[in-house]
Engineer: 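I have a structure I would like to understand better, so I am pasting it below and will then ask my questions one at a time.
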Number of protein chains: 2
Amino acid sequence: MNTKGNKPARGRPKTMSRDHVLKIAVESYWADGPTGVSINEISRRAGVSKPGIYREFGNEDGLKQAALIAYQATILAPLVDVLTDDVPFGQALQALTDFVLLDHKAHGLPDGCLQVTMCRSKDDLGMLARQSADKFREQTLCGLEQWIERAKSKGQFASNIPSRTAALYIDAQIASAMELQKQGAAQDELEHVFKLALSVFS
Amino acid sequence: MNTKGNKPARGRPKTMSRDHVLKIAVESYWADGPTGVSINEISRRAGVSKPGIYREFGNEDGLKQAALIAYQATILAPLVDVLTDDVPFGQALQALTDFVLLDHKAHGLPDGCLQVTMCRSKDDLGMLARQSADKFREQTLCGLEQWIERAKSKGQFASNIPSRTAALYIDAQIASAMELQKQGAAQDELEHVFKLALSVFS
DNA sequence: AGCTTAAAATACTAACGGGTATTTATTTAT
DNA sequence: ATAAATAAATACCCGTTAGTATTTTAAGCT
């Protein structure tokens with residue numbers, strides 16, 4: 001409803017693309033950390049003036065929140081969907097593994113996970129970004145828990161591990177793998193460690 | 001050799017206690033993160049002038065390195081020693097678990113682990129602190145690996161998991177637990193998740 | 001006393017951070 | 001043409017940062 005729809009609008013036409021700035025911001029926070037890059041730097045990288053960014057996103061917290069939400073929607077949502085879709089447990093585990101072992105460099109993406117790093121440096125965040133990070137984390141844990149519950153009821157998850165514990169554990173293993181990846185671990189190390197982690201369920 | 005030994009010394013006697021500043025620095029970096037507290041703030045907290053800190057530690061990188069090394073020596077060394085001492089495998093695992101489940105708040109210590117957070121924000125660190133963090137990490141991984149090798153040769157580690165993989169895995173589980181702790185997870189959640197993680201070895 | 005040594009304390013610099021006031025440019029409506 | 005509206009761009013404000021130059025203080029030595 002904003003790209004070119006129906007309003008000729010009144011004043012000077014805007015040339016700044018919100019999506020473009022957002023893309024740069026996601027890349028920047030993802031690659032350099034949510035505290036590792038300033039608004040000055042982002043505006044420079046995006047080729048956009050600083051007041052333009054403030055007009056569009058309000059303040060730094062708003063920009064970080066928007067970037068995080070964009071990241072969640074584009075990168076993480078497919079993964080979460082696997083949990084709510086009714087695919088067999090083993091197949092969902094495979095999707096998790098594929099996600100963790102995806103070769104970011106080969107796809108031109110930064111290593112690591114923005115959601116994880118934002119959760120980890122939560123007290124460097126403003127209210128908006130923190131709330132978005134927390135909310136997504138809770139939803140993910142909840143999704144994992146229900147997914148495990150369903151797998152149990154379908155007899156695809158034989159163990160008697162409490163669902164909440166298993167959910168926390170899987171979440172931690174994914175975060176761990178993302179950190180290993182960012183630290184430059186070899187692909188096969190990542191694979192061996194993650195598969196070892198998942199072996200508690202078999 | 002410096003505290004009060006033999007030198008009356010020549011100039012104005014120093015009143016600044018290196019140990020005191022170091023203690024404040026460890027606490028500060030531990031609680032607020034290695035990028036979350038400035039030298040200004042540390043000098044304020046320690047009640048010491050900023051040039052005093054620069055005279056003693058050279059620069060920020062030097063202070064961070066000194067703080068990290070002090071942390072490693074006081075907090076982490078006992079844990080690493082368990083690996084090299086020839087205690088039975090199960091007993092060493094118990095020591096690991098005790099370390100992870102130690103109630104930091106009850107002992108007046110910040111949650112989380114400075115070594116872990118410094119490793120994770122490595123590109124905000126100077127050369128010295130980074131090198132010290134890397135070195136300790138390598139030594140730890142090496143220690144874990146050899147410990148597992150010995151346990152295998154003594155028949156206390158039945159699984160056929162490669163030692164390197166198991167070492168990476170255990171290191172990751174400890175780091176994970178420290179992060180969970182810092183995020184305010186309940187003690188029993190921490191315990192259940194960590195014990196689930198260790199269950200891959202039994 | 002006066003000189004030397006070395007630490008302490010104050011005051012400073014230059015760069016950079018988040019955020020904004022102000023001016024300039026481009027459009028529609030009259 | 002001119003006014004109103006809105007975005008872009010420049011230039012700025014103020015606080016904080018890492019790091020340092022300078023001055024003051026407290027000791028020993030002669």
Engineer: Could you pull out all residues at least two apart from B:Tyr54 that satisfy ring-ring contact (aromatic ring centres under 6.0 Å, His included)?
Structural biologist: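 B:Tyr54: no ring-ring contact (aromatic ring centres under 6.0 Å, His included) contacts found.
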Engineer: Donor-acceptor check, side chain of A:Gln187 to backbone of A:Leu101, threshold 3.5 angstrom: yes or no?
Structural biologist: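 Side chain of A:Gln187 to backbone of A:Leu101, a donor-acceptor pair under 3.5 Å: yes, one is there.
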Engineer: Side chains of B:Gln65 and B:Ser132: any donor to acceptor distance under 3.5 Å?
Structural biologist: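 A donor-acceptor contact under 3.5 Å links the two side chains.
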Engineer: Please confirm whether the backbone N or O of A:Ile161 pairs with a side-chain atom of A:Thr165, one donor and one acceptor, at under 3.5 Å?
Structural biologist: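 Side chain of A:Thr165 to backbone of A:Ile161: no pair is present.
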Engineer: Please tabulate, one pair per line, each protein N/O and nucleotide N/O from nucleotides 24-26 of chain C that are separated by under 3.5 Å, including the distance.
Structural biologist:
| from | atom 1 | to | atom 2 | distance (Å) |
| --- | --- | --- | --- | --- |
| C:dA25 | O4' | A:Arg12 | NH1 | 3.4 |
| C:dT26 | O2 | A:Arg12 | N | 3.4 |

Engineer: Just the rounded figure in Å: distance from P of C:dA6 to CD of B:Glu56.
Structural biologist: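 In whole Å, C:dA6 P lies 15 Å from B:Glu56 CD.
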Engineer: Are B:Ser163 and B:Glu149 linked by a side-chain donor-acceptor pair shorter than 3.5 Å?
Structural biologist: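 Distance-only check passes for B:Ser163 and B:Glu149.
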Engineer: Step through the shown structure and confirm whether more than 12 heavy atoms of other residues, nucleotides or ligands are within 6.0 Å of NZ on B:Lys154.
Structural biologist: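 Yes.
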Engineer: Excluding sequence neighbours, so at least two apart, what forms side-chain hydrogen bond (donor to acceptor under 3.5 Å, both in side chains) with A:Tyr169?
Structural biologist: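 A:Tyr169 satisfies side-chain hydrogen bond (donor to acceptor under 3.5 Å, both in side chains) with B:Tyr169 once adjacent residues are dropped.
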Engineer: Any side-chain heavy-atom pair from B:Tyr29 and B:Thr35 closer than 4.5 angstrom?
Structural biologist: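 Not in contact.
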Engineer: What integer distance in Å separates B:Lys14:NZ from D:dG28:P?
Structural biologist: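 Taking NZ of B:Lys14 and P of D:dG28, I get 17 Å after rounding.
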Engineer: Return the value, rounded to whole Å, for the distance between atom CZ of A:Arg55 and atom C1' of C:dT22.
Structural biologist: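 So the two atoms are 13 Å apart, to the nearest Å.
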Engineer: Once salt bridge (charged side-chain N to carboxylate O under 4.0 Å, His left out) is applied, what residue pairs with a partner in residues 25-40 of chain A remain, sequence neighbours excluded?
Structural biologist: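 Counting only pairs at least two positions apart or across chains, the salt bridge (charged side-chain N to carboxylate O under 4.0 Å, His left out) contacts touching residues 25-40 of chain A are A:Asp32-A:Arg45.
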Engineer: Step by step, work out the salt bridge (charged side-chain N to carboxylate O under 4.0 Å, His left out) result for A:Arg130 and A:Asp61.
Structural biologist: CA-CA 9 Å; A:Arg130 182 160 58 239; A:Asp61 192 21; over 6 Å; no
Engineer: When the distance from CZ of B:Arg44 to P of C:dA8 is rounded to whole Å, what number comes out?
Structural biologist: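 Whole-Å distance recorded here is 19 Å.
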Engineer: I'd like to compare against my own output: the B/S/- annotation of nucleotides 13-20 of chain D with a strict under-4.0 Å heavy-atom distance to protein.
Structural biologist: ----BBBB
Engineer: Using a cut-off of 6.0 Å, state whether more than 12 heavy atoms not belonging to B:Lys23 lie near its atom NZ.
Structural biologist: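 Count not over threshold, so no.
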Engineer: Once you build an axis from the first five pairs and another from the last five of the helix from C:dA1-D:dT30 to C:dT30-D:dA1, how far apart in angle are they, to 10 degrees?
Structural biologist: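 Answer rounded to 10°: the end axes differ by 30°.
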Engineer: Taking OP1 and OP2 of C:dT10, is either one under 4.0 Å from a side-chain nitrogen or oxygen of B:Ser49?
Structural biologist: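 Checking B:Ser49 against C:dT10: no side-chain N or O falls below 4.0 Å of OP1 or OP2.
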